[in-house]
Amino acid sequence: MTTTTMPRTAQKSNPLIWVVCALFLFISVPLLFMEFRTYETVDESLFHHPTILTFSDQLPTPDYSDYRSATTPLYHTVMSVLVRVFNANLTSLRIINLSISLLGILLIYGMLSPYTGEFPAILLTMCYGLSQYWLGPAVRLSTDNTALVLVLATFVLLSRADLQPKHLAVAIVLMSGAVLVRQLTIWIVLATGLYILMVWRGTILQKLTASAMMGIPALLLLPFVLMWKGLTPPTFQVHQFDGGLLNTSVFIYMMGVLGAYALFFAPWIITIGRKQGVKWWQVIGIVMASMILLAILPLKVTLEDAFVGGILWRIGQAFPAIAGTSLLFWIVFPIGSVTLYVFY
């Protein structure tokens, strides 16, 4: 296999990223020791910490057939080893979780800077890294940020200008970790497989082989799916489906979050789109497809959703609903879809 021409090149980091990291620690460290009620605190106390303690008692053979978490068990297993071997308490586990999230700040910046330039990358990293969506899972035990850190590390690695087979091997390990921490990241298998097919310069057989190897994380997830007879441990399978279909609310909501952020960085995103050769007819097509999807699969905002979903969902509750979906998401969901297409 030969190397590819990729967008990422070696470059020095902007010193301002360390200011962002310092701000992140300044805000997050006190939150480790404060008592407050959010979705993440409930998740930690009811699910993640009890699962870690249970696995610790069951070592060296934790029972994965059913447990008190909806996610795959790698995060809880690693944390349980720390509890068993080092007698790590809840605060110690939170500090480890926070350290992983701090690494994620650097990875977000590292992924963005080759595409957006230094200053926009700093602003985007600060915008997300200091938001509720990153800070919440950073200061309480959660699989969210750990899985995202592994996904980000995969993207940063695959965007190297000197991409080699050894880098693909490391990427497979990172992807496998992400999927075994949080099975929702299984989408990375398709994303990286297509990415390799599009950018790897080699024979058709070499491309297909490399792309197929990106499917290894799916094979590692398969035993759990067969054991659980579903995508989550049996206790949580009632939450898997909505009206007989896979719950599409998560995808629509996350695209809405992306669209809400994109509003503040529209000039840079438009510039990147022009450089990428994105056409207006493509943008219009994505917007229309997004609206058709919302018409078919409305995103209903409830009081419970407003609590667990964060600020955007609470704002959405204040807007009138059109065809069952808050007006806010009729705006930010198409924008998020276009933004994803631009960066893709």
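Just so it is clear, the values below take in all heavy atoms, side chains as well, and ignore hydrogens, waters and symmetry mates.
No path of Ile, Leu, Val, Met, Phe, Trp and Tyr side chains, each step under 4.5 Å between heavy atoms, connects L226 with L220, placing them in separate hydrophobic clusters. F265 and M254 fall within a single hydrophobic cluster, where Ile, Leu, Val, Met, Phe, Trp and Tyr side chains are chained together by heavy-atom contacts under 4.5 Å. V151 and V173 are not part of a single hydrophobic cluster, where members link through side-chain heavy atoms under 4.5 Å apart. In the hydrophobic clustering of this structure, V287 does not group with I284; members are Ile, Leu, Val, Met, Phe, Trp, Tyr whose side-chain heavy atoms approach within less than 4.5 Å, directly or through other members. Taking hydrophobic clusters as Ile, Leu, Val, Met, Phe, Trp and Tyr residues chained together by side-chain heavy-atom distances below 4.5 Å, I216 does not share a cluster with L197.
Heavy atoms only, all atoms of each residue included: S92 and A88 are closest at CB-CB, 4.1 Å. Nearest heavy atom pair, residue G117 against residue P120, reads O-CD, 3.6 Å. Nearest heavy-atom pair, S326 versus G316, reported as atom, atom and distance to 0.1 Å: OG-O, 2.7 Å. Among all heavy-atom pairs drawn from A171 and L158, the shortest one is CB-CD2, 3.8 Å. Y67 and P233 get closest at one heavy-atom pair: CZ-CG, 3.7 Å. Shown here for V189 and G215, the closest heavy-atom pair between the two residues is CG1-CA, 3.6 Å.
Side-chain polar atoms of Y75 and N97 form a donor-acceptor pair below 3.5 angstrom. Side-chain N/O atoms of R182 and T143 include a donor and acceptor closer than 3.5 Å. S65 and D63 are linked by a side-chain donor-acceptor pair at a separation below 3.5 angstrom, with hydrogens and angles left out of the test. A side-chain donor from one of S337 and S290 sits under 3.5 Å from a side-chain acceptor of the other. Under 3.5 Å, the side chains of T54 and D57 contain no donor-acceptor pair of N or O atoms.
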Please assess S101 against V149 for the test side chain to side chain contact (heavy atoms under 4.5 Å, CB included), listing each intermediate value before the final yes or no. CA-CA 7 Å; S101 297; V149 163; 5.9 Å; no

Start with the C-alpha distance between H49 and L93, add both sets of side-chain angles, then the distance that settles side chain to side chain contact (heavy atoms under 4.5 Å, CB included), and finish with yes or no. CA-CA 9 Å; H49 194 225; L93 296 179; 4.2 Å; yes

Set out, in order, the CA-CA distance, both residues' side-chain angles and the distance that settles side chain to side chain contact (heavy atoms under 4.5 Å, CB included) for M126 and L123, then state yes or no. CA-CA 5 Å; M126 182 170 64; L123 288 179; 4.0 Å; yes

Let's go through T71 and T232 carefully: what are the C-alpha distance in whole Å and the side-chain angles of both, what is the deciding distance for side chain to side chain contact (heavy atoms under 4.5 Å, CB included) to 0.1 Å, and is it a yes or a no? CA-CA 6 Å; T71 62; T232 65; over 6 Å; no

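With L180 as the fixed residue, the side chain to side chain contact (heavy atoms under 4.5 Å, CB included) test singles out one of T185, L74, L150: L74. When each of L16, V156, T125 is checked for a side chain to side chain contact (heavy atoms under 4.5 Å, CB included) with Y109, only T125 meets the rule.
Note: T41 OG1 to E35 CD = 8.5 Å, rounded to the nearest 0.5 Å. Separating the CE atom in M255 from the CG atom in L340 is a distance of 5.0 Å, to the nearest 0.5 Å. Here L157 contributes atom CG and L152 contributes atom CG; the two are 12.5 Å apart, rounded to the nearest 0.5 Å. Atoms CD1 and OG, from I108 and S113 in turn, are 12.0 Å apart once rounded to the nearest 0.5 Å. To the nearest 0.5 Å, the span separating OG on S99 from CG on N145 amounts to 12.0 Å. Note that CG of L23 and CD1 of I105 are 9.5 Å apart. Values are rounded to the nearest 0.5 Å.
In this structure the side chain of S176 reaches within 4.5 angstrom of the side chain of I172, judged on heavy atoms. Contact check for I188 versus T154: side-chain heavy atoms found under the 4.5 Å cut-off. Side-chain atoms of F47 and H76, non-hydrogen and from C-beta on, never get closer than 4.5 Å to each other. In this structure, L294 and M291 have side chains that are not in contact, with every pair of non-hydrogen atoms separated by 4.5 Å or more. At least one side-chain heavy atom of L135 sits under 4.5 Å from a side-chain heavy atom of F24. Side-chain contact check for T235 versus R68: every heavy-atom pair is 4.5 Å or farther apart. Side-chain contact check for R94 versus L90: some heavy-atom pair is nearer than 4.5 Å. Side-chain contact between L32 and T91 is absent, with no heavy atoms from C-beta onward closer than 4.5 Å.
Partners of Y128 by ring-ring contact (aromatic ring centres under 6.0 Å, His included), not counting sequence neighbours, listed by chain and number: W134, Y261.
Without hydrogens or angle criteria, S142 side chain to P137 main chain gives no donor-acceptor distance under 3.5 Å. Not one N or O on the side chain of E40 forms a donor-acceptor pair closer than 3.5 Å with the backbone of G136. Proximity of a side-chain donor or acceptor of Q183 to a complementary backbone N or O of L231 within less than 3.5 Å is detected. A donor-acceptor contact shorter than 3.5 Å links the side chain of W330 to the backbone of I322.
A ring-centre distance under 6.0 Å is found for F55 and Y64.
Geometric assessment of R140 against the ring of F36 yields a positive cation-pi assignment under the 6.0 Å and 45° thresholds.
Within a 6.0 Å radius of CE in M288, other residues, nucleotides and ligands contribute 12 heavy atoms or fewer.
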